[in-house]
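Read through the structure below, which is laid out as structure tokens, and then see the notes.
Below, read A as the first sequence line, B as the second, and so on, with proteins coming before strands; counting in each chain starts at 1.
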There are 2 protein chains.
Amino acid sequence: MNELVERIRREGKNLGNGILKVDGFVNHQVDPMLMDACGKELAGRFAGVGATKILTAEISGIAPAISTARHMGLPVVYARKVKPITMPDQVFLTLAPSHTKGRMVELIVSPEYLGGGERVLIIDDFLASGATIMGLVRLAQTAGATVVGIGALIEKTFEGGREFLQSLGIPVESLAAITSMDDGKIVFSDQ
Amino acid sequence: MNELVERIRREGKNLGNGILKVDGFVNHQVDPMLMDACGKELAGRFAGVGATKILTAEISGIAPAISTARHMGLPVVYARKVKPITMPDQVFLTLAPSHTKGRMVELIVSPEYLGGGERVLIIDDFLASGATIMGLVRLAQTAGATVVGIGALIEKTFEGGREFLQSLGIPVESLAAITSMDDGKIVFSDQ
């Protein structure tokens with residue numbers, strides 16, 4: 001999607017080691033108009049998958065998931081990383097590696113809001129190694145739900161997430177695909 | 001706001017000790033259409049304050065802040081509770097008590113996205129004791145910004161946050177005000 005690619009070109013920073021800083025419009029400061037345009041685009045791409053619910057992970061997944069959900073008229077569930085006191089004792093829990101924390105984090109969903117028969121669309125900010133998204137897939141499958149699609153704002157194709165998720169046999173979409181971040185550059189797939 | 005009050009009446013749960021569970025539409029599962037209506041209402045109430053930026057705290061503040069921001073055409077900054085690796089070494093940091101964690105948590109904002117001259121509207125999901133919101137006020141003031149308004153989806157008037165914030169002399173708005181949660185009830189201010 002041109003609007004997102006251009007914004008990354010203009011304001012994204014390559015911090016080295018494959019780390020892309022988009023804190024000015026996605027991860028710390030959010031541009032709600034850009035996020036709305038991204039949500040509309042993702043909603044269009046997944047219009048035909050018959051989703052009944054959108055699943056994401058706190059924290060940075062919330063904005064793109066809600067924007068997409070509003071355009072699809074669907075509820076969003078965001079997996080928590082710390083179990084709040086309002087959640088029942090029995091939950092769905094899986095572990096996924098955190099890039100920014102350098103350790104495993106928990107992804108927790110209450111059975112109240114994810115159940116058998118749901119058709120789940122997973123939306124996140126980044127598709128990198130695919131490990132966090134695969135954690136969300138496991139949560140959905142444990143709940144007896146069917147994952148029908150995976151969408152991300154930004155894909156780092158060089159981290160192999162798309163191949164990792166390929167065995168699921170469902171559509172995987174991203175709005176800006178970065179093929180290389182070597183030598184301080186940010187190379188997009190359409191270059 | 002009727003739509004939110006009715007939803008709390010229907011689906012909110014009084015868990016005791018002043019804890020209101022709204023996990024089905026605000027805190028874990030989010031209803032993006034309700035959130036959009038709340039954002040529109042808050043945007044209307046603060047249309048005249050001349051805000052240039054919306055400030056909130058992760059995690060549950062993100063959805064209402066972004067919805068409000070979209071209707072006002074403003075960027076959102078959400079204070080982080082753990083400093084990500086993409087953030088510079090020098091940050092604005094304050095401590096605020098966490099109800100759900102039972103301890104103090106850090107609220108961190110990068111100076112890149114909050115600066116002198118900004119007119120900051122603070123939006124959060126709950127206004128209870130006002131401690132988290134006062135933490136955001138301190139961050140904004142430390143950055144040299146002016147706080148011009150405070151808005152929350154749900155106010156628990158019996159926790160005194162509004163009085164605590166009164167000395168700031170700025171408008172404080174909430175969309176559903178709960179005056180009592182004694183005896184398992186949820187009593188709204190319009191009852």
Tell me, for B/V109 versus chain A, whether the close heavy atoms (under 4.5 Å) come from the side chain, the backbone, both or neither. both
Under a 4.5 Å heavy-atom cut-off, does chain A meet the side chain of B/I59, its backbone, both or neither? both
Test side-chain hydrogen bond (donor to acceptor under 3.5 Å, both in side chains) on B/R119 and B/T146; report intermediate values, then the result. CA-CA 5 Å; B/R119 293 176 60 82; B/T146 305; 5.4 Å; no
Salt bridge between A/E173 and A/R45, side-chain N to carboxylate O under 4.0 Å? yes
Checking heavy atoms, do the side chain of B/I66, its backbone, both or neither come under 4.5 Å from chain A? both
Cluster overlap B/I170 with B/L139, hydrophobic side-chain contacts below 4.5 Å: yes
Examine B/I108 and B/V77 and state if one hydrophobic cluster contains both, with Ile, Leu, Val, Met, Phe, Trp and Tyr joined whenever side-chain heavy atoms are less than 4.5 Å apart. no
When you group the ILVMFWY residues by side-chain heavy-atom contacts below 4.5 Å and let the links chain together, are B/V76 and B/F126 in the same group? yes
Between B/V30, B/L15, B/I19, who has the most heavy-atom pairs with chain A when the cutoff is under 4.5 Å? B/V30
Heavy-atom distances under 4.5 Å only: say whether B/M87 touches chain A with side chain, backbone, both or neither. both
Less than 4.5 Å apart, any side-chain heavy atom of A/V187 and any of A/M181? no
Can you tell me which of B/K13, B/K53, B/M72 forms the most heavy-atom pairs within a distance under 4.5 Å of chain A? B/K53
Which bit of B/S67 comes within less than 4.5 Å of chain A, counting heavy atoms only: side chain, backbone, both or neither? neither
Do the charged groups of B/K81 and B/E58 touch, with an N to O distance under 4.0 Å? no
Heavy atoms only, distances under 4.5 angstrom: which of B/A79, B/S110, B/A65, B/A63 has the most pairs with chain A? Name it, please. B/S110
Counting heavy-atom pairs closer than 4.5 Å to chain B, which one of A/L55, A/D36, A/D31, A/L20 comes out on top? A/D36
Report which part of B/L74 has an atom under 4.5 Å of a heavy atom belonging to chain A: side chain, backbone, both, or neither. backbone
Hydrophobic cluster identity match, A/Y78 and B/F25, side-chain contacts under 4.5 Å: yes
Answer with side chain, backbone, both or neither: which region of B/S60 has an atom nearer than 4.5 Å to a non-hydrogen atom of chain A? both
Identify which of A/I54, A/L114, A/I62, A/V82 forms the greatest number of heavy-atom pairs closer than 4.5 Å to chain B. A/I62
